[in-house]
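Beneath this line is the structure, given in structure tokens, with notes to follow.
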Amino acid sequence: MTPVRGILSDDEIDRMAARVRAFGGRVSNRQQPDGSQAAYELNINYLDALGDPSAPDEPNELVARRFLAAQAVMLALRGVPGIYFHSLFGSRGWPAGVELTGRPRTINRQKLAVDKLEAELSNPHSLRSLVFNGYRTMLRARAQQAAFHPAAEQSVLELSPSVFALLRIPADGGSSVLCLQNVSVHPCTLDIPAHLLPGPELEDLLSDRRYLAEESLTVTLDPYDVQWLTRTEAI
């Protein structure tokens with residue numbers, strides 16, 4: 001938690017720690033100079049940490065969409081993304097491992113049996129399959145666009161409090177990519193001015209959605225929807 005101190009308030013950090021405990025995670029504390037204890041490390045699976053403590057039986061589709069929206073933010077940002085094995089395969093936390101080893105970090109370090117993993121991936125409705133296939137779609141799209149080069153320029157756009165919006169701009173003059181991630185549980189409609197768009201004719205790299213913009217573009221994002229829009233030659 002050290003990097004967020006000075007960005008998040010002590011109250012926000014305390015609420016995060018309480019949320020982690022509500023999910024069965026662990027909070028490692030460190031003694032402060034005044035002798036008090038403060039949260040130093042949150043030991044919880046990231047997919048679990050994004051959930052709703054009051055709704056333990058959420059459908060896999062919702063859990064996957066929410067998690068992939070968060071991962072899309074990381075994949076869209078400038079630099080080289082660090083992809084954790086258990087994130088790629090939609091793992092949940094492993095609290096039994098903490099009890100076995102006595103180490104809080106073990107909650108994220110379960111070793112998986114290959115045959116069981118493959119069986120879950122073969123079920124299109126399983127959480128692992130939904131997360132892995134969604135992740136694979138984003139990685140394939142990302143690999144094909146110069147705008148996602150680690151050194152390509154980026155501009156964060158303030159379009160809505162519910163949407164993390166980022167414009168990636170390649171150095172070679174190719175097509176930019178407008179990355180839209182709705183990080184809320186509510187649908188959101190954006191009216192995007194034309195000068196922020198990669199072009200008048202657009203396609204979503206992650207689906208078959210296509211748009212034609214004039215002075216502006218109206219885009220409706222479903223809850224936890226992700227759209228990466230780039231210029232296309234035909235509409």
Side-chain angles (χ1 to χ4, degrees), residues 1-5 7-8 12-32 37-140 142-143 150 164 181 183 224 226:
M1 300 299 295
T2 300
V4 302
R5 296 195 181 277
I7 299 174
L8 300 180
E12 288 172 319
I13 292 174
D14 289 344
R15 284 190 282 123
M16 286 180 64
R19 185 182 182 89
V20 165
R21 291 189 183 98
F23 282 120
R26 307 293 194 273
V27 178
S28 300
N29 292 322
R30 171 176 286 180
Q31 185 168 311
Q32 300 291 88
Q37 297 289 318
Y40 168 69
E41 186 174 79
L42 304 182
N43 303 117
I44 188 170
N45 177 282
Y46 186 51
L47 184 149
D48 289 338
L50 297 175
D52 181 353
S54 66
D57 299 318
E58 293 179 306
N60 287 340
E61 289 77 9
L62 174 60
V63 175
R65 283 174 64 86
R66 180 173 57 216
F67 180 66
L68 289 169
Q71 298 298 283
V73 172
M74 175 187 70
L75 295 177
L77 286 167
R78 185 178 185 181
V80 179
I83 301 172
Y84 188 49
F85 175 91
H86 285 295
S87 292
L88 183 63
F89 290 103
S91 294
R92 309 304 296 251
W94 189 41
V98 178
E99 302 302 324
L100 285 171
T101 66
R103 294 190 294 270
R105 290 184 177 181
T106 308
I107 201 165
N108 283 320
R109 296 178 178 174
Q110 183 178 14
K111 292 181 172 61
L112 306 179
V114 173
D115 55 347
K116 184 177 179 181
L117 175 60
E118 291 177 341
E120 291 184 78
L121 291 174
S122 67
N123 175 3
H125 303 293
S126 74
L127 181 59
R128 288 198 188 280
S129 178
L130 291 167
V131 169
F132 176 73
N133 285 303
Y135 225 129
R136 183 168 57 178
T137 296
M138 290 191 294
L139 289 174
R140 285 175 171 171
R142 191 179 187 280
F164 183 84
Q181 287 86 201
V183 294
Y224 305 119
V226 176

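Just so you know, these numbers use all the heavy atoms, side chains as well, and skip hydrogens, waters and symmetry mates. One is the number of the first residue; the rest follow in order along the sequence.
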- Message: A quick test of your reading: do over 12 heavy atoms of other residues, nucleotides or ligands sit less than 6.0 Å from CZ of Arg103?
- Response: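 Count not over threshold, so no.
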Taking all heavy atoms of [X] and all of [Y], pick out the closest pair and write down the distance.
{"X": "Ala76", "Y": "Gln181", "value": "CB-OE1, 4.0 Å"}
{"X": "Ala39", "Y": "Ile13", "value": "CB-CG2, 4.3 Å"}
{"X": "Gly82", "Y": "Met74", "value": "O-SD, 3.4 Å"}
{"X": "Leu8", "Y": "Met16", "value": "CD1-SD, 3.6 Å"}
{"X": "Arg142", "Y": "Pro81", "value": "NH2-CD, 3.4 Å"}
{"X": "Arg26", "Y": "Val20", "value": "O-CG1, 3.7 Å"}

- With side chain to side chain contact (heavy atoms under 4.5 Å, CB included) as the test, would you mind laying out the steps for Asn45 and Ser91 before giving the verdict? CA-CA 8 Å; Asn45 177 282; Ser91 294; 4.2 Å; yes
Donor-acceptor pair, [X] side chain versus [Y] backbone, under 3.5 Å?
{"X": "Thr101", "Y": "Gly97", "result": "yes"}
{"X": "Thr137", "Y": "Asn133", "result": "yes"}
{"X": "Arg66", "Y": "Leu47", "result": "no"}

- Query: Just checking, is any N or O donor in the side chain of Ser28 or Asn43 under 3.5 Å from an acceptor N or O on the other one?
  - Reply: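 Distance-only check passes for Ser28 and Asn43.
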- Task: Answer yes if the side chains of Thr2 and Arg30 hold a donor-acceptor pair under 3.5 Å, and no otherwise.
- Result: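 No donor-acceptor contact under 3.5 Å links the two side chains.
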- Message: Applying side chain to side chain contact (heavy atoms under 4.5 Å, CB included) to Ser87 and Gln71, what does each step give before you reach the verdict?
- Response: CA-CA 9 Å; Ser87 292; Gln71 298 298 283; 3.9 Å; yes
Kindly compute the distance separating [atom1] ([X]) from [atom2] ([Y]), expressed to the nearest 0.5 Å.
{"X": "Ile44", "Y": "Asn108", "atom1": "CD1", "atom2": "CG", "result": "8.5 Å"}
{"X": "Asp14", "Y": "Arg19", "atom1": "CG", "atom2": "CZ", "result": "15.0 Å"}
{"X": "Glu58", "Y": "Asp52", "atom1": "CD", "atom2": "CG", "result": "5.5 Å"}
{"X": "Phe23", "Y": "Leu42", "atom1": "CZ", "atom2": "CG", "result": "12.5 Å"}
{"X": "Ile7", "Y": "Met1", "atom1": "CD1", "atom2": "CE", "result": "10.5 Å"}
{"X": "Arg128", "Y": "Asn123", "atom1": "CZ", "atom2": "CG", "result": "12.0 Å"}

- Message: Using the ring-ring contact (aromatic ring centres under 6.0 Å, His included) criterion, which residues pair with Phe132? Sequence neighbours excluded.
- Response: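 So Phe132 forms a ring-ring contact (aromatic ring centres under 6.0 Å, His included) with Phe89.
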- Item | Residues which pass ring-ring contact (aromatic ring centres under 6.0 Å, His included) with Tyr84, listed by chain and number, not counting sequence neighbours |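 Result, ring-ring contact (aromatic ring centres under 6.0 Å, His included) vs Tyr84: His86.
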Is any side-chain heavy atom of [Y] closer than 4.5 Å to one of [X]?
{"X": "Leu75", "Y": "Ile83", "value": "yes"}
{"X": "Tyr224", "Y": "Phe67", "value": "no"}
{"X": "Leu130", "Y": "Glu61", "value": "yes"}

- Would you check, one step at a time, whether the test salt bridge (charged side-chain N to carboxylate O under 4.0 Å, His left out) holds for Arg105 with Glu41? CA-CA 9 Å; Arg105 290 184 177 181; Glu41 186 174 79; 2.8 Å; yes
- Message: Run the side chain to side chain donor-acceptor pair (under 3.5 Å) test against Arg92 and tell me which residues pass, sequence neighbours left out.
- Response: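 Partners of Arg92 by the side chain to side chain donor-acceptor pair (under 3.5 Å) criterion, ordered by chain and then number, come out as Asp48.
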- Give the intermediate values and the outcome of side chain to side chain contact (heavy atoms under 4.5 Å, CB included) for residues Tyr40 and Asn29. CA-CA 5 Å; Tyr40 168 69; Asn29 292 322; 5.8 Å; no
- Please report the C-alpha distance between Trp94 and Arg109 in whole Å, then the side-chain angles of each, then the deciding distance to 0.1 Å, and finally whether the side chain to side chain contact (heavy atoms under 4.5 Å, CB included) criterion is met. CA-CA 7 Å; Trp94 189 41; Arg109 296 178 178 174; 5.6 Å; no
